[in-house]
Amino acid sequence: MPVRLAGGDIPVPLGKVDPEGATRRSTGVPELDRVLGGGLVPGSVTLLGGEPGMGKSTLVLQTLIAMCERGARALLVTAEESKDQVRLRASRLGPVPPSLFVVGETALPTVLAQLDELEPHVVAIDSIQTIVDPDLPGVAGSVGQVRDCAARLVRMAKERDVTVLIVGHVTKDGSLAGPRVLEHVVDTVLAFEGDRHHALRMVHALKHRFGSTQELGLFEMTGRGLEGVSDPSALFLADRRPCSPGSVVAPVLEGARPLLVEVQALVASTNAPMPRRSAQGLDGSRLSLLLAVLEQRTHLEQFSGLDVWASVAGGVRVGEAAADLAASLAVASARLEKPVPAGTVAVGEIGLGGELRQVGQLGRRLAEASRLGFDTALVPASAPDIEGIRVVRVPDLAAAMAAVGLGPEGSGDG
Ligand code: TYD
Ligand code: MG
């Protein structure tokens with residue numbers, strides 16, 4: 001018999017704990033489910049952080065609507081906008097389910113009391129910076145208020161098994177009181193990112209107690225709310241100019257999903273004593289390393305006196321070393337002002353010796369490349385044959401350059 005020792009929770013054999021207890025429920029928003037590893041876990045607290053205007057309120061409203069359509073009762077606490085504004089936004093998104101409730105309230109104790117009556121399955125707070133506990137010192141949005149209100153919401157979620165979504169604003173430098181101080185309190189932190197001037201929105205998990213933080217959710221902001229991007233590779237390659245120098249396509253993995261991205265580079269001479277090295281969507285120190293390898297292990301001469309810009313088109317961030325080969329070839333192609341053949345993708349990690357190293361899940365990457373019409377793939381020497389695409393095995397960066405017409409013969413560069 002379990003003995004209640006000093007009060008509190010009772011120890012039980014782990015095997016007796018219901019594994020369904022942490023089962024996630026699909027939100028009904030597929031791209032959000034992807035990031036969450038299937039859905040939201042009842043009793044969990046998820047923070048959705050992002051700059052103002054990104055579409056956080058829209059995503060939260062869409063999620064609540066979708067959850068209501070799957071039988072949930074939901075409460076949206078709108079501390080930031082009026083109920084009328086929320087209603088107006090909802091009417092752009094489609095029919096409003098009868099089980100979606102809204103309250104314009106900023107006092108947390110009042111909200112918590114209302115939960116007793118409504119007993120919703122899911123509660124969303126928009127935003128944590130505008131909600132206050134009048135019993136605590138500090139104004140709304142202060143570090144203390146934000147942290148303590150969030151902690152009370154977490155306690156409430158666990159006690160009642162309610163799913164909680166919290167919206168939090170961050171400024172460009174992430175300095176505002178909010179997500180940073182909340183990260184430890186909540187179960188999941190989602191970052192909502194994108195360029196204000198482009199429709200593409202990306203959601204990824206910075207922290208996720210119930211699964212991986214590898215997955216990327218992709219949305220497009222449309223006139224009728226956020227729509228999941230069904231074919232991201234096609235979207236990222238849509239504006240590509242295949243025959244221009246400095247453009248190479250890499251099949252990368254974003255979590256479980258293969259994605260084709262265009263790595264671009266530009267090389268320009270400069271009189272500055274410290275030439276610029278700029279990496280967007282790529283790791284800056286990785287770019288420096290690849291430049292050193294290009295200098296030391298290929299026929300290219302030194303990059304001193306040359307600015308180098310490298311970026312991943314479309315605003316995606318590539319953390320994978322599998323993009324090394326594409327990035328290096330893009331820089332070499334830009335430097336030599338010669339394009340890489342349009343139907344070619346390149347994949348492989350580059351070592352300090354210039355050697356090409358194997359990457360995981362080559363088959364899935366190249367299947368995606370083949371699906372989008374690419375016919376040739378530059379791959380590390382140890383790669384197996386892949387159906388549907390011609391693989392060109394290259395041992396190192398110099399060989400890869402030669403294979404796409406960037407070799408020493410006739411290039412005029414060293
Ligand atoms: P919003 O969700 O209010 O952003 P946040 O809560 O992060 O501040 O929405 C941001 C922008 O999205 C806003 O400028 C209007 C636009 N928008 C659309 O383009 N289509 C839509 O259907 C909706 C609801 C908003
Ligand atoms: Mg908002």
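In this chain, residues are counted from 1 in sequence order. Counting convention: from 1, in listed order, for ligands and their atoms alike.
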May I have the step-by-step check of side-chain contact (heavy atoms from CB on, under 4.5 Å) for Val12 and Val17, ending in yes or no?
-> CA-CA 7 Å; Val12 292; Val17 177; 3.8 Å; yes

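- Counted by atom type alone, Lys56 and His169 present one or more donor-acceptor pairs between their side chains at under 3.5 Å.
- Within ligand 1, the atoms closer than 4.0 Å to a non-hydrogen atom of Arg224 are 22 (O), numbered from 1 in the order shown.
- Of all protein heavy atoms, the one closest to atom 3 (O) of ligand 1 is Arg89 NH2, 2.7 Å.
- Contacts of Arg92 with ligand 1, taken as heavy-atom pairs under 4.0 Å, involve the side chain alone.
- There is a side-chain donor-acceptor pair under 3.5 Å between Thr188 and His208.
- The atoms of ligand 1 that sit less than 4.0 Å from any heavy atom of Met54 are 4 (O), 7 (O).
- Summary of contacts: the protein heavy atom closest to atom 14 (O) of ligand 1 is Gly53 O, 4.7 Å.
- With a 6.0 Å radius and a threshold of 12 heavy atoms from other residues, nucleotides or ligands, Arg276 has its CZ atom at or below the threshold.
- Interface atoms of ligand 1 facing Lys56, defined by a heavy-atom separation under 4.0 Å, are 2 (O), 4 (O), 5 (P), 6 (O), 7 (O), 8 (O).
- Counting only heavy atoms of the protein, atom 17 (N) of ligand 1 lies nearest to Met221 SD, 3.7 Å.
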Take Asp231 and Arg371 through the salt bridge (Lys or Arg N to Asp or Glu O under 4.0 Å) test and state the conclusion after the steps.
-> CA-CA 11 Å; Asp231 192 349; Arg371 185 180 73 79; 2.7 Å; yes

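- Protein heavy atom nearest atom 4 (O) of ligand 1, with residue, atom name and distance: Gly55 N, 3.0 Å.
- No N or O atom of Glu81 sits closer than 3.5 Å to an N or O atom of ligand 1.
- For ligand 1, one of its N or O atoms has an N or O atom of Gly225 under 3.5 Å away.
- Near Gly223, meaning under 4.0 Å from one of its heavy atoms, ligand 1 places the atoms 22 (O).
- Checked by atom type, the side-chain pair Arg209/Ser44 shows no donor-acceptor distance below 3.5 Å.
- Under the salt bridge (Lys or Arg N to Asp or Glu O under 4.0 Å) criterion, Arg152 pairs with Asp133, not counting sequence neighbours.
- Classification of Asp283 and Arg317 as a salt-bridged pair fails, no side-chain N sitting under 4.0 Å from a carboxylate O.
- Not a single heavy atom of Gly50 sits less than 4.0 Å from an atom of ligand 1.
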May I have the step-by-step check of salt bridge (Lys or Arg N to Asp or Glu O under 4.0 Å) for Arg335 and Glu337, ending in yes or no?
-> CA-CA 5 Å; Arg335 168 96 187 248; Glu337 293 179 52; over 6 Å; no

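- When only modelled atom types and interatomic distance are considered, Ser382 and Gln358 share a side-chain donor-acceptor pair under 3.5 Å.
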Tell me, with the steps shown, if Glu105 and Lys83 meet salt bridge (Lys or Arg N to Asp or Glu O under 4.0 Å).
-> CA-CA 10 Å; Glu105 183 58 66; Lys83 282 188 277 199; over 6 Å; no

Take Arg390 and Asp385 through the salt bridge (Lys or Arg N to Asp or Glu O under 4.0 Å) test and state the conclusion after the steps.
-> CA-CA 8 Å; Arg390 186 171 73 97; Asp385 276 335; over 6 Å; no

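- Atom 24 (C) of ligand 1 is flagged as protein-proximal [any protein heavy atom, distance under 4.0 Å].
- In this structure, atom 8 (O) of ligand 1 is in close contact with the protein, since a protein heavy atom lies within 4.0 Å of it.
- Contacts with ligand 1 closer than 4.0 Å are made by backbone heavy atoms (N, CA, C, O) of Pro52 only, the side chain lying farther away.
- Here is the list of ligand 1 atoms found below 4.0 Å of a heavy atom in Ser57: 2 (O), 5 (P), 6 (O).
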Any chance you could lay out the side-chain contact (heavy atoms from CB on, under 4.5 Å) test for Leu108 and Leu153, step after step, and finish with the verdict?
-> CA-CA 9 Å; Leu108 186 62; Leu153 285 164; 3.9 Å; yes

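- Around the Mg ion (ligand 2), the protein atoms of type N, O or S that sit closer than 2.8 Å are Ser57 OG.
- Side chain to side chain, Asp126 and Thr78 fail the donor-acceptor criterion of an N or O pair below 3.5 Å.
- With distances taken over non-hydrogen atoms, the option nearest atom 21 (C) of ligand 1 out of Leu88, Thr58, Thr222, Leu226 is Thr222.
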